[in-house]
Amino acid sequence: MGVGQKDLLISAGLLAGICIALLTVFTILRRLKFSSKFYAPKRYLKGKRKRPKRLPNSWMSWMIPLFKYTEREMLEVAGTDAVMYLRISTFGLKLFLFLAIFNLATVLPTNLTGGQVADQLRENARNKTASEDDSDFAVTDLDKLSVANIPQSDSKLWVHVVAAWVTTIYTLWLLNKYHKNAVELRIQHLAGNREGAELHSVLVFDIPGCQYGSVVNRLCHVAPKFIRKRLQHTVERGLVIASQGLSKGLNQLPIGRPSADGSPRGGYEKVYEPTEVCAWRHATQKLSAGMTLEEYVTSEFREVYPDGEIVSVCMVRNQSELEPLVARYDALKRNLEDISDDWISKLRRKKTIKPNKMQVRLIPIKEGAWAREKYGAKPTKVDKLTFLVDSLKRVKGEVEKKQEEFENEFVPTAFVTFRTRHAQVVSATSLHHHDKTAWRIVAAPSPGEVVWKNLKWRNWERNSRRILLWLAFGAMVLWFLIPIAAIQALIEIDTLDETPVIKDIVGVPFVRAILTALLPGLALKIFLAILPMILAWMNKLEGLVSKSEIDFRVSKKYFIFQVLTVFFGSFIAGSLTSQLSKLKDKPGDIIDLLGTSAPQTASFFISYILVEALLTTPMGLLRLPGLAIFYLLSKLAATERSKNRLWQEQEMKYGDVVPDHTMVILLGLTFSSVNPIVTLVALLFFVVSIMVWRYQMLYVYQESYQSGGKIWKEVFQQTLVGLLIMQLMMIGLLAVKKFPYAVLVFPMPVVTVVFWRRMNSLFKEPLEVLSLRGAAELDRRDREEAVRSLRSHALDEETIAVEEKKESYVSPCFDLNEEKHEALLKEVEHLQLLLAGEDPPDLEMQGKEEDYYSADDDIFEDASSAQQAASRPATPS
């Protein structure tokens with residue numbers, strides 16, 4: 001891993017030039033007509049969020065207005081999660097600004113005064129022809145900036161001890177400040193959020209009495225048919241006997257006061273009957289009495305909470321057979337909407353629709369019996385609109401048939417909605433039943449982010465899937481270590497110098513700089529590019545029930561993966577690749593080798609962060625693969641609506657990018673006291689990151705969910721992991737350096753762990769749910785606002801709110817919008833009249849499109865447009 005100062009400077013200059021070029025290309029592309037909507041979709045969309053401001057179009061001047069946004073304005077434009085994400089970059093900026101100033105003023109001069117590396121370089125020069133076993137490491141002049149330049153037991157190591165403590169104290173102080181601010185922002189989000197279903201609802205898992213997903217149910221599905229009934233009866237009978245025995249045993253426990261006969265400790269009279277311990281037995285009794293599962297769940301909650309508090313209970317149904325039908329229906333509906341809008345627009349603009357566009361080639365055998373009956377068995381051309389309408393009606397009929405079939409086939413999950421926030425907080429934070437395998441209750445996610453197909457799993461199934469997928473994750477980590485080790489071996493510069501043909505090429509300074517300082521980090525980023533998609537797929541298989549849960553779990557696993565592969569994998573592989581022969585002779589020296597080589601690996605991670613700062617992050621601003629796909633698909637898109645979807649549906653996935661930030665924090669903290677140059681590079685990363693991601697959050701990405709800033713929990717934990725790794729490395733380095741006062745850094749991990757536990761005890765729950773007092777205050781505010789309104793109006797609003805809550809948690813598979821369906825059919829009918837030359841009633845299709853997309857077609861201040869506006873005659877007011 002021998003990266004010299006010259007190599008690092010050449011690669012940094014090359015990357016800086018690439019970064020400037022990328023920003024210049026972006027400045028040009030964002031002004032072009034075909035790509036302006038792709039690079040600033042929020043300027044065109046009309047939605048619940050405020051539109052961002054116009055940006056000037058001169059070179060680089062678009063950056064300045066980004067930093068003029070206040071946090072309140074960013075909340076209005078981008079939402080709470082986006083603001084919390086931008087705070088991560090601000091946190092990194094403040095952290096490494098301080099560490100860079102401190103370490104460059106103290107640690108760097110101290111490292112430069114040592115002479116260890118200079119002596120090693122002279123010795124290597126004298127023994128250039130010696131065997132590899134006679135030299136330790138291929139040190140470079142860059143190592144003069146690191147602790148490797150300090151001799152063993154030198155008193156200068158006091159500076160590194162102080163620096164480690166300063167880094168720890170400042171990081172903990174900054175984390176404490178930002179953690180409190182995160183809690184305040186979270187509470188502000190919950191308090192300022194309008195009254196909605198997720199603020200009043202809980203999600204109930206593992207409802208007892210529902211056979212779906214139980215062990216008996218799963219065994220019966222895999223068992224042969226002739227023993228299914230017998231197996232089910234035997235298992236159910238065994239569960240009943242076990243529960244009866246448990247209840248009888250509890251009734252015989254010595255509960256109460258001494259018996260009335262006064263016998264000393266001889267017996268106890270029964271004071272009360274214990275509540276039902278077995279949730280399944282209680283549920284079976286209720287269901288056997290004639291209750292439906294929905295009625296049972298409703299009665300269960302109404303027994304616990306005051307009258308009128310339960311607004312609705314929405315049982316989740318088994319929709320596994322409905323999902324493909326509904327997906328087919330949605331695809332047909334979208335296709336028909338696109339064609340209808342496009343053709344009506346063309347007819348109104350007096351454009352001709354080509355006859356071949358109005359027909360479709362149909363193969364009846366492929367479509368099924370209904371197509372053969374209507375169109376015959378032979379392939380033929382039919383009217384496109386008629387065929388799509390027929391297909392839509394047929395699929396809708398199949399969906400409705402399946403809905404009736406599965407109307408009462410419930411899975412053991414339900415959404416319970418309360419009238420007040422107070423009741424929701426009580427339910428989400430309380431133990432509902434003694435039996436913790438049943439009635440597991442959590443705060444409900446918002447309806448739009450629910451992953452409905454994952455609601456059917458029981459807890460034991462989720463746990464089994466979780467174990468299997470964590471094992472698969474571990475196997476994937478081991479698999480990725482192989483190419484990472486191979487990369488480190490291939491680019492080992494000393495090995496390349498000995499290769500006959502390659503050594504002449506490697507000798508060129510520019511090539512050498514690319515191989516040592518640019519290629520390793522770039523190769524790692526390429527290997528990690530597809531990992532978030534794989535992790536998201538694995539998380540869905542695990543059974544997570546909301547988009548935010550899946551995204552946060554991606555962030556967690558992606559960070560763990562990078563720590564194990566990028567940090568430890570590269571660290572160990574890069575340290576030991578050139579020392580295999582020495583380890584073969586003295587395997588016990590592995591600890592000393594790792595400790596000695598640790599400062600030298602800092603050069604690799606400096607180049608890795610440089611790639612992140614000056615290449616990966618600006619490339620994220622350009623999104624060239626996405627732009628190419630957008631351009632090609634927009635050429636192939638048949639209608640304006642389908643073209644609009646290409647730039648409109650750009651959603652933010654925090655799990656893909658947050659671990660990159662926390663990984664830079666980890667690397668910056670770990671090597672801050674080892675080689676202070678890493679703090680400068682980390683600072684550069686966060687400067688570029690703030691500029692890039694402010695633009696992305698304000699002008700590009702839509703929110704696929706709104707968690708209210710919960711992503712900060714992952715950042716907090718991952719930063720503390722980085723701090724602990726730094727402390728353990730300093731303990732190891734000082735021990736290898738045989739510094740007599742190395743014991744003084746031993747308390748640092750203890751302080752960090754105590755801080756971690758303390759912060760979790762204080763702020764873990766406030767980051768999850770409202771306090772009871774806060775919920776009560778918000779409920780009182782809602783009531784006061786209703787009283788201030790007109791009574792009739794308030795009653796109407798309350799009625800509407802209650803109805804909205806009742807309908808919020810109905811699966812899309814069971815909630816096809818009948819009004820929109822009929823409106824679409826009517827729209828197509830009028831279109832057919834237009835095509836036939838008749839004059840139907842005006843549908844005002846253009847107005848409908850403008851209600852959604854902004855009428856402002858130019859988001860930038862175009863000089864030519866300004867001149868045209870100035871040349872027009874003034875309109876009298």
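Keep in mind that the numbers below use all heavy atoms, side chains included, and drop hydrogens, waters and symmetry copies.
A salt bridge links Arg87 with Glu71; the closest basic N to acidic carboxylate O contact falls under 4.0 Å. Salt bridge status for Lys333 with Glu337: present, with a side-chain N to carboxylate O gap under 4.0 Å. Ion pair Arg466/Glu542 flagged as a salt bridge, since at least one NZ, NE, NH1 or NH2 atom sits closer than 4.0 Å to an Asp/Glu carboxylate oxygen.
Contact check for Leu23 versus Met63: side-chain heavy atoms found under the 4.5 Å cut-off. A heavy-atom distance below 4.5 Å is not found between the side chains of Asp660 and Leu528. Considering only heavy atoms from C-beta on, Cys813 comes within 4.5 Å of Glu323 through its side chain. Side chains of Thr617 and Met691 form no contact here, defined as non-hydrogen atoms less than 4.5 Å apart. Inter-residue side-chain proximity for Arg43 and Pro52 is flagged as met; some heavy-atom pair is nearer than 4.5 Å. Residues Lys540 and Val451 fail the side-chain proximity criterion, which asks for heavy atoms closer than 4.5 Å. Contact check for Thr662 versus Leu666: no side-chain heavy atoms found under the 4.5 Å cut-off. At least one side-chain heavy atom of Arg623 sits under 4.5 Å from a side-chain heavy atom of Gln696.
Minimum interatomic distance between Gly79 and Gln706 (heavy atoms only, all atoms of both residues): CA-NE2, 3.9 Å. Closest approach of Ala536 to Ile550, counting heavy atoms only: O-CG2, 4.0 Å. When all heavy atoms of Leu55 and Pro65 are compared, the pair lying nearest together is CD2-CB, 3.7 Å. Ser320 approaches Pro324 most closely through the heavy-atom pair O-CD, 3.5 Å. Pairing each heavy atom of Met663 with each of Phe559, the nearest pair is N-CE1, 4.3 Å. Nearest heavy-atom pair, Gln650 versus Val700, reported as atom, atom and distance to 0.1 Å: OE1-CG1, 3.7 Å.
Side-chain rings of Phe567 and Phe605 approach one another, their centers coming within less than 6.0 Å. Taking the six-membered ring for Trp and the full ring otherwise, Tyr39 and Tyr695 have centroids separated by 6.0 Å or more. Not less than 6.0 angstrom separates the ring centroid of Phe91 from the ring centroid of His661.
Between Phe96 and Phe686, the two ring planes are parallel [angle under 30°; tilted spans 30° to 60°].
Trp537 CH2: 12 or fewer foreign heavy atoms inside a 6.0 Å radius. More than 12 heavy atoms of other residues, nucleotides or ligands lie within 6.0 Å of CZ in Phe34, so this atom counts as buried by the packing criterion. Within a 6.0 Å radius of CZ in Arg328, other residues, nucleotides and ligands contribute 12 heavy atoms or fewer.
A donor-acceptor pair under 3.5 Å is formed between the side chain of Ser634 and the backbone N or O of Phe630. Here the side chain of Lys653 pairs no donor or acceptor atom with the backbone of Ser704 at under 3.5 angstrom. Here the side chain of Lys453 pairs no donor or acceptor atom with the backbone of Gln319 at under 3.5 angstrom.
Taking CG of Leu388 as the start and CG of Leu332 as the end, the distance is 6.5 Å to the nearest 0.5 Å. Rounding to the nearest 0.5 Å gives a distance of 11.5 Å between CD1 of Ile560 and OG1 of Thr565. How far CG of Leu698 is from CD of Glu73: 9.5 Å, rounded to the nearest 0.5 Å. The OH atom of Tyr44 sits 13.5 Å away from the CZ atom of Phe38 when rounded to the nearest 0.5 Å. Here OG of Ser811 is found 8.0 Å from CG of Leu322. Values are rounded to the nearest 0.5 Å. Rounded to the nearest 0.5 Å, atoms CD (Glu703) and CD (Glu651) are 9.5 Å apart.
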Task: Steps toward side-chain hydrogen bond (donor to acceptor under 3.5 Å, both in side chains) verdict (Ser555, Glu714) - done: CA-CA 7 Å; Ser555 174; Glu714 298 297 327; 4.8 Å; no
- [ ] Show the numbers, then the answer: is there a side-chain contact (heavy atoms from CB on, under 4.5 Å) between Leu75 and Thr80?
- [x] CA-CA 6 Å; Leu75 283 170; Thr80 306; 4.0 Å; yes
TODO: Quick one: do Asn57 and Trp62 satisfy side-chain contact (heavy atoms from CB on, under 4.5 Å)? Show the steps, please.
DONE: CA-CA 6 Å; Asn57 64 355; Trp62 55 270; over 6 Å; no
Task: side-chain contact (heavy atoms from CB on, under 4.5 Å) between Leu535 and Met476, worked out - done: CA-CA 10 Å; Leu535 295 178; Met476 189 167 62; 3.8 Å; yes
- [ ] Start with the C-alpha distance between Asn181 and Trp712, add both sets of side-chain angles, then the distance that settles side-chain contact (heavy atoms from CB on, under 4.5 Å), and finish with yes or no.
- [x] CA-CA 10 Å; Asn181 291 340; Trp712 172 255; over 6 Å; no
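Using a 3.5 Å distance cut-off with no hydrogens or angles, the side chains of Tyr654 and Asp81 do not pair a donor with an acceptor.
The side-chain contact (heavy atoms from CB on, under 4.5 Å) test with Leu544 singles out one residue from Met538, Arg465, Arg553, and that residue is Arg553.
Annotation: cation-pi geometry satisfied between Lys53 and Tyr69 (NZ/CZ under 6.0 angstrom from ring centroid, within 45° of ring axis).
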